[in-house]
Enquirer: 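I have a structure here, written as structure tokens, and I will follow up with some questions on it.
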There are 2 protein chains.
Amino acid sequence: MATIEDVARRAGLSRTTVSRVINEHPYVSITKKKKVMEAMEELGYVPNSAARSLRNQRTGVIAVLIPRVMNPFFSQLIETLEHAASESFHQLIICQTQYSAKKELTYLNLLKTKQVDGVILTSAENDWSVIEEYLDYGPIVLCNEFEERANVPMVFMDQKEAGYKATKHLIEMGHRKIAYCCGRYRSNVASAREEGFSKALAEAGLVFDERDAFREAITSEDGIDIFNSIRTRGSNRPTAIFTGSDEVAAGIVSEAARSNWSIPRDLAVTGFDNQVITELMNPRITTVEQPVCEMALKTMEVMMARIRLRQFTGREMHKFYMKLIIRESTKMQAELARIPY
Amino acid sequence: MATIEDVARRAGLSRTTVSRVINEHPYVSITKKKKVMEAMEELGYVPNSAARSLRNQRTGVIAVLIPRVMNPFFSQLIETLEHAASESFHQLIICQTQYSAKKELTYLNLLKTKQVDGVILTSAENDWSVIEEYLDYGPIVLCNEFEERANVPMVFMDQKEAGYKATKHLIEMGHRKIAYCCGRYRSNVASAREEGFSKALAEAGLVFDERDAFREAITSEDGIDIFNSIRTRGSNRPTAIFTGSDEVAAGIVSEAARSNWSIPRDLAVTGFDNQVITELMNPRITTVEQPVCEMALKTMEVMMARIRLRQFTGREMHKFYMKLIIRESTKMQAELARIPY
DNA sequence: CTGTTAGCGCGTTCAT
DNA sequence: ATGAACGCGCTAACAG
């Protein structure tokens with residue numbers, strides 16, 4: 001491996017001059033600059049990043065913590081985050097917490113060990129008081145996740161509004177008994193959605209039956225189970241279900257078809273995230289679209305600012321809003337056709 | 001930030017002793033070891049990884065290059081790879097090439113800059129002759145991708161067999177005119193599948209009509225387009241289609257339902273990868289299952305060996321085999337029911 | 001404009 | 001069993 005020293009010798013100059021060329025410093029004569037470039041070329045020289053990090057006290061790397069890459073919402077987020085990062089000449093490293101608090105801490109340690117300049121947290125597994133301590137070592141930005149007590153930037157969607165509007169839509173479609181379904185219980189995201197759901201119900205004078213709550217639904221298989229538990233229930237079944245995940249919704253729709261239920265007639269279903277699968281199912285699934293790209297861009301913008309200013313603490317809220325996409329899983333085709341566009 | 005020096009002072013010992021404790025070196029008395037541990041605890045000391053990398057000439061990080069995290073085949077691969085890496089006390093960094101040759105080179109440069117100890121390549125975008133040069137800087141292991149000329153370890157599935165067996169299944173179901181569909185043209189993976197496809201056709205005395213070839217199909221939307229191009233073709237339509245992607249297959253099945261075609265009666269469809277969606281579509285989709293976990297484990301095992309031995313070149317083939325999963329998109333439900341299990 | 005020098009934090013001889 | 005000293009490769013004063 002060629003080092004900066006080798007390049008300097010070959011060019012007949014000092015390390016400093018070579019370093020200046022690398023870092024596009026002014027005050028280097030054209031001729032010497034050219035000499036250095038040639039030497040670098042000939043030796044196939046590339047700066048050693050560990051040495052640079054050590055010297056500069058920064059790595060140019062940002063960690064994004066997500067639960068799992070297989071979750072399409074998060075992988076879509078990553079797509080945009082990465083693009084934005086490279087625009088700012090930073091690299092992204094993607095860390096999967098697998099919903100494990102311990103793994104999350106392992107990755108937060110990247111800040112301590114100086115392997116990354118900042119951490120983007122999309123779904124906190126640990127209590128905020130635990131996470132907060134890492135702010136001594138670098139900036140943390142919450143994206144998607146939010147936390148009342150947190151003294152850091154937060155970029156998130158109004159989840160309460162999402163729960164509210166989707167549920168209100170179901171009510172407008174004539175449903176009076178609506179089931180609720182979300183992923184892990186203790187997430188702020190889930191509880192905000194539930195608030196919105198309850199608010200819509202309350203406004204319509206409806207009651208929320210705890211038997212209609214499913215709070216551990218993540219996969220399409222969970223959706224299948226939920227459908228069957230509804231189907232086999234004798235009387236007093238819900239006629240609609242709000243879900244916090246397109247995959248779960250797809251599982252419900254799929255299993256409903258196999259049981260010869262007609263959707264939305266026998267059961268109306270809403271999903272969440274507007275993933276590809278919602279358009280492939282039959283009927284297509286009504287869903288909540290999140291402004292993922294805008295959120296990702298804002299997140300990176302805020303992160304860059306924090307890194308630049310070395311300002312790790314300080315609350316900052318950036319709220320985004322959803323869009324309800326109405327399809328056949330909640331509205332009869334005939335009704336949809338009547339909508340002018 | 002506390003450094004090793006701070007810890008040494010606090011413990012009233014030398015840096016060397018502290019370093020020995022950190023690296024679990026023998027020849028440190030119990031008492032002093034305890035003292036060091038205490039000092040580290042009190043100061044919240046964490047070793048600086050840049051300094052360690054610089055000194056040790058290794059980072060403990062491995063890069064995995066994949067086209068996109070949103071592709072479920074690759075994200076599943078990553079799940080297992082990451083698990084295996086952490087078992088070997090290594091970290092994984094996930095790099096998306098976005099099918100861009102230029103981006104791929106950017107990431108291969110991580111080897112040159114010593115940011116990673118090795119690179120796992122799952123889908124090569126550049127010609128092998130270009131990639132080969134990076135072998136001067138660290139080990140490269142091909143996983144999923146393969147390349148006749150490559151002098152590195154390759155872990156892959158027999159794609160030709162997959163194309164052959166899936167196609168043979170369609171022939172056994174009575175089809176005589178079968179369409180072929182794959183992703184990007186110039187991939188070795190795709191061409192091996194096509195070889196198998198052609199072989200099955202040839203054995204049955206069937207001809208491969210170029211009008212039945214679709215070679216740019218990646219997304220479910222591509223599947224929709226393909227279905228419509230088949231549907232609107234007047235006569236001489238294929239009665240079955242082999243695809244190299246479950247998403248494309250799902251697009252076809254979905255659009256077929258909307259056009260009131262009956263699958264598999266009007267068109268039989270096979271997918272690839274056994275993704276969740278194949279079980280959610282109606283009918284469920286026949287597909288090829290790859291031994292993803294086994295391949296990931298072998299890949300990491302081989303990578304660790306190469307890193308340990310500092311042996312970057314040397315061909316090594318690890319071939320794995322597929323499993324055909326037959327469902328209703330190729331076989332009438334009545335027929336499937338007759339299969340004993 | 002250019003070179004000399006002094007660390008960044010750590011691990012490892014080589015002494016003792 | 002412990003410590004002193006060197007250098008991994010790079011950049012930023014400082015001096016010219």
Side-chain angles (χ1 to χ4, degrees), chain A residues 1-37 39-40 43-61 109-117 137-138 310, chain B residues 1-37 39-40 43-61 109-117 137-138 310:
Chain A
M1 275 307 305
T3 74
I4 199 171
E5 180 76 51
D6 301 330
V7 176
R9 261 203 303 275
R10 177 143 195 144
L13 293 162
S14 74
R15 291 206 310 258
T16 310
T17 307
V18 177
S19 173
R20 287 199 174 113
V21 172
I22 294 168
N23 296 291
E24 292 173 337
H25 214 77
Y27 308 141
V28 181
S29 70
I30 301 286
T31 47
K32 309 224 163 171
K33 183 168 180 175
K34 203 172 270 173
K35 260 191 179 170
V36 170
M37 301 287 254
M40 295 203 308
L43 294 170
Y45 168 77
V46 172
N48 178 314
S49 66
R52 300 187 89 174
S53 299
L54 181 58
R55 176 65 234 220
N56 293 331
Q57 305 284 35
R58 36 167 248 90
T59 62
V61 179
N109 255 309
L110 295 173
L111 273 182
K112 283 197 185 178
T113 60
K114 299 288 175 202
Q115 288 184 79
V116 303
D117 295 341
Y137 307 99
R310 288 184 184 69
Chain B
M1 274 306 305
T3 74
I4 199 172
E5 179 76 50
D6 301 330
V7 177
R9 260 203 303 274
R10 178 148 196 138
L13 293 162
S14 75
R15 290 207 314 257
T16 312
T17 306
V18 178
S19 172
R20 285 199 176 112
V21 172
I22 293 169
N23 297 290
E24 292 174 338
H25 213 77
Y27 307 141
V28 181
S29 70
I30 300 285
T31 46
K32 310 223 163 173
K33 183 166 178 174
K34 204 171 270 174
K35 262 191 178 168
V36 170
M37 302 287 254
M40 295 204 305
L43 294 170
Y45 169 77
V46 172
N48 178 313
S49 66
R52 301 187 89 175
S53 299
L54 182 57
R55 176 66 236 226
N56 294 331
Q57 305 285 36
R58 36 166 247 90
T59 62
V61 179
N109 255 310
L110 294 173
L111 273 182
K112 284 197 185 179
T113 60
K114 299 288 175 202
Q115 290 186 76
V116 301
D117 295 341
Y137 307 99
R310 288 185 182 70

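All heavy atoms count here, side chains included; hydrogens, waters and symmetry mates do not. The chains referred to below are lettered A, B, ... by the order of the sequence lines, with proteins before strands, and numbering in each begins at 1.
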Enquirer: From Arg20(A) CZ over to Ser14(A) OG, what is the distance, rounded to the nearest 0.5 angstrom?
Expert: 7.5 Å

Enquirer: Please give, in whole Å, the distance from dC10(C) P to Lys114(A) NZ?
Expert: 12 Å

Enquirer: Under a 3.5 Å threshold, yes or no: a donor from one side chain and an acceptor from the other, between Thr16(B) and Ser19(B)?
Expert: no

Enquirer: Quick check for you: among dG9(C), dC10(C), dA12(D), whose closest atom lies nearest to any side-chain atom of Ile4(B)?
Expert: dC10(C)

Enquirer: Between atom NZ in Lys35(B) and atom P in dT2(D), what is the gap in whole Å?
Expert: 10 Å

Enquirer: Is the distance from OP1 or OP2 of dG11(C) to the nearest side-chain N or O of Gln57(B) less than 4.0 Å?
Expert: no

Enquirer: Of all the heavy-atom pairs spanning Val36(B) and Val7(B), show the shortest one and how long it is.
Expert: O-CG1, 4.1 Å

Enquirer: Output the rounded distance in Å from CE (Met40(B)) to C1' (dG9(C)).
Expert: 15 Å

Enquirer: Rounded to whole Å, how long is the line connecting atom CG of Asn23(B) with atom P of dT12(C)?
Expert: 6 Å

Enquirer: Please give, in whole Å, the distance from dT11(D) P to Arg58(A) CZ?
Expert: 11 Å

Enquirer: So with a 6.0 Å cut-off around NZ of Lys114(B), is the heavy-atom count from everything else above 12?
Expert: yes

Enquirer: Listed in order of residue number, which residues of residues 13-22 of chain B have a non-hydrogen atom at under 4.0 Å from DNA chain D?
Expert: Leu13(B), Ser14(B), Arg15(B), Thr16(B), Thr17(B), Arg20(B)

Enquirer: Compare the minimum distances between each of dG9(C), dG9(D), dT2(C) and the side chain of Lys32(A), then state the nucleotide with the smallest one.
Expert: dT2(C)

Enquirer: Can you check the Tyr27(A) OH to dA15(D) C1' distance for me, whole Å?
Expert: 16 Å

Enquirer: Whether Asn48(A) contacts dC10(D) is assessed here as follows: a side-chain N or O lying under 4.0 Å from the phosphate OP1 or OP2. Is that the case?
Expert: no

Enquirer: Check the phosphate of dC8(C) against Asn56(A), side-chain N and O only, distance under 4.0 Å to OP1 or OP2. Yes or no?
Expert: no

Enquirer: Inspect the surroundings of NZ in Lys35(A) and state if more than 12 heavy atoms from other residues, nucleotides or ligands are less than 6.0 Å away.
Expert: no

Enquirer: Could you check Ala51(A) against Val28(B) and say which one's nearest nucleotide on DNA chain D is further toward the 5' end?
Expert: Val28(B)

Enquirer: dA6(C) P sits how many Å from Leu54(A) CG, rounded?
Expert: 18 Å

Enquirer: State, with a plain yes or no, whether a side-chain heavy atom of Arg52(A) is found less than 4.5 Å away from one of Ile22(A).
Expert: yes

Enquirer: So does Ser53(A) get a side-chain nitrogen or oxygen closer than 4.0 Å to the phosphate oxygens (OP1/OP2) of dC8(C)?
Expert: no

Enquirer: Report the distance from atom CG of Asn56(A) to atom CG of Asn23(A), rounding to the nearest 0.5 Å.
Expert: 7.5 Å

Enquirer: Side chain of Arg55(A) only, heavy atoms from C-beta on: which candidate in dA6(C), dC10(C), dC1(C) is closest?
Expert: dA6(C)

Enquirer: Which part of the nucleic acid does Pro47(A) contact within heavy-atom distance under 4.0 Å: base, sugar-phosphate only, or nothing?
Expert: sugar-phosphate

Enquirer: Are the side chains of Thr3(B) and Asn48(B) in contact, using a 4.5 Å heavy-atom criterion?
Expert: no

Enquirer: Tell me whether the OP1 or OP2 atom of dT11(D) has a side-chain N or O from Arg52(A) closer than 4.0 Å.
Expert: yes

Enquirer: Just report the end-to-end axis angle for the helix from dC1(C)-dG16(D) to dT16(C)-dA1(D), five pairs per end, to 10 degrees.
Expert: 40°

Enquirer: Carefully, step by step, assess Arg9(B) and Asp6(B) under the rule side-chain contact (heavy atoms from CB on, under 4.5 Å).
Expert: CA-CA 5 Å; Arg9(B) 260 203 303 274; Asp6(B) 301 330; 3.0 Å; yes

Enquirer: Under a 3.5 Å distance rule, please check whether Ser49(B) uses its side chain to pair with a backbone N or O of Thr113(A) as donor and acceptor.
Expert: yes

